[in-house]
Amino acid sequence: MGISKEAFQNVGGYGKIHPGEDPDLTIRIWKKGYGTKLIPEAFVYHKRRIDWNKFYIQVNKFGMVRPILNKWHPGTAKMTYWFPTFFCIGFLAALALAILGIGLPLWLYAIYFGLIFLDSLIKNKSIAIALLSIIAVCIQFIGYGYGFLKSTLLVNFSNKSPQEIFPKLFFK
């Protein structure tokens, strides 16, 4: 993200939340009337987590931060933020239905995972990476979906501030 010094100072710089500091800053920039644009030729290299547990922690925090940002910036909430949560709840429901003898919903999930496998196999030409892609999707959806649901409930139905509920998401 490239930002002019004027815009950065005018909006008060980065806030105290992490992760979520980038979207928070961007929304505040928009609210002050500054424009933004995507520069397709610009590349960003971003550190990725080196193990599954760290990846889960990262996406879980992303899920927890989004409802806080939605509350701070009304009008920015999107239905798509709910998709990982719905995916996980739907999967649990599909498992329950399969136990009761109704297998179609679980087959739909199998098709989805099969498509992830196939797409990754074509792009990466590796069966191992294709299998790991399925694991990554599951961790991402479970981590984000659970964090998002938990934070949505606590932020919207608690008398406490987000800083009190999730102190580890805020700088002092």
Side-chain angles (χ1 to χ4, degrees), residues 17-24 26-27 38 40 43-170:
I17 194 165
H18 178 75
E21 69 278 8
D22 295 343
D24 176 55
T26 301
I27 295 164
L38 174 66
F43 289 91
V44 175
Y45 296 92
H46 199 282
K47 178 183 177 184
R48 291 291 163 224
R49 301 302 161 224
I50 57 173
D51 66 39
W52 293 122
N53 186 56
K54 288 180 181 174
F55 180 58
Y56 174 85
I57 291 167
Q58 179 184 36
V59 296
N60 183 256
K61 285 182 178 180
F62 289 162
M64 288 190 293
V65 163
R66 180 51 64 181
I68 296 168
L69 296 175
N70 291 345
K71 188 164 186 132
W72 287 355
H73 306 290
T76 62
K78 296 179 183 175
M79 184 60 147
T80 53
Y81 300 149
W82 280 96
F83 287 178
T85 303
F86 292 154
F87 184 91
C88 293
I89 292 170
F91 186 73
L92 292 174
L95 286 174
L97 288 170
I99 290 169
L100 297 174
I102 303 169
L104 179 61
L106 197 55
W107 276 107
L108 295 174
Y109 278 90
I111 291 168
Y112 177 76
F113 289 126
L115 290 171
I116 289 171
F117 178 87
L118 186 60
D119 180 61
S120 181
L121 182 64
I122 291 167
K123 290 178 180 172
N124 298 296
K125 298 173 182 38
S126 167
I127 291 174
I129 292 175
L131 289 170
L132 291 172
S133 297
I134 294 170
I135 294 169
V137 166
C138 291
I139 291 171
Q140 186 168 12
F141 283 4
I142 292 167
Y144 184 97
Y146 174 68
F148 183 83
L149 181 61
K150 174 182 170 182
S151 182
T152 296
L153 294 173
L154 291 174
V155 166
N156 291 304
F157 299 107
S158 171
N159 293 326
K160 296 180 179 179
S161 72
Q163 293 87 338
E164 293 173 290
I165 300 168
F166 301 112
K168 292 182 179 178
L169 297 178
F170 294 89

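Scope of the values below: all heavy atoms of this structure, side chains included, with no hydrogens, waters or symmetry mates.
Remark: I135 CD1 is packed, more than 12 non-hydrogen atoms of other residues, nucleotides or ligands lying under 6.0 Å away. Within 6.0 Å of CZ on F170 lie more than 12 heavy atoms contributed by other residues, nucleotides or ligands.
Y56 OH to C138 SG: the interatomic distance, rounded to the nearest 0.5 Å, is 13.0 Å. Atom-to-atom distance recorded for N60:CG and I139:CD1 is 12.0 Å, nearest 0.5 angstrom. One distance of note links CZ of F113 with CG of L118; it measures 15.0 Å at 0.5 Å rounding. Between the NZ atom of K150 and the CD1 atom of I165 there is a distance of 10.0 Å, given to the nearest 0.5 Å. Rounded to the nearest 0.5 Å, atoms NE2 (H73) and CG (D24) are 4.0 Å apart. Distance check: T76 OG1 to R66 CZ gives 6.5 Å after rounding to the nearest 0.5 Å.
Checking side-chain atoms of E164 against main-chain N and O of S161 turns up a donor-acceptor pair under 3.5 Å. Put simply, the side chain of N156 gets close to the backbone of T152: a donor and an acceptor are under 3.5 Å apart.
Residues N124 and S120 have side chains that bring a donor and an acceptor to within less than 3.5 angstrom of each other.
At least one side-chain heavy atom of P67 sits less than 4.5 Å from a side-chain heavy atom of F148. In this structure, P84 and I142 have side chains that are not in contact, with every pair of non-hydrogen atoms separated by 4.5 Å or more. Using a 4.5 Å heavy-atom threshold, the side chains of V59 and F141 count as separate.
N70 meets the side chain to side chain donor-acceptor pair (under 3.5 Å) test with no other residue; sequence neighbours excluded.
Annotation for F117 and I127: closest pair CE1-O, 4.0 Å, computed over non-hydrogen atoms. Across all non-hydrogen atoms, the minimal contact from W82 to L149 is CZ3-CD1, 4.0 Å. Here the shortest heavy-atom pairing between P162 and W72 reads CG-NE1, 4.4 Å. Closest of all the heavy-atom pairs between E21 and I17 is CB-O, 3.4 Å. Listed here is the closest heavy atom pair of G20 and P23: O-CD, 3.3 Å. Among all heavy-atom pairs drawn from L169 and K61, the shortest one is CD2-CG, 3.9 Å.
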**Request:** Just do the side-chain contact (heavy atoms from CB on, under 4.5 Å) check on F62 and Q140 with the steps written out, would you?
**Result:** CA-CA 10 Å; F62 289 162; Q140 186 168 12; over 6 Å; no
Pairs under 3.5 angstrom only: tabulate donor-acceptor contacts from the side chains of residues 85-110 to other protein residues two or more places apart or in another chain.
residue : atom : partner : partner atom : Å
T85     : OG1  : G145    : O            : 2.8
Y109    : OH   : F87     : O            : 2.9
Y109    : OH   : F91     : N            : 3.0

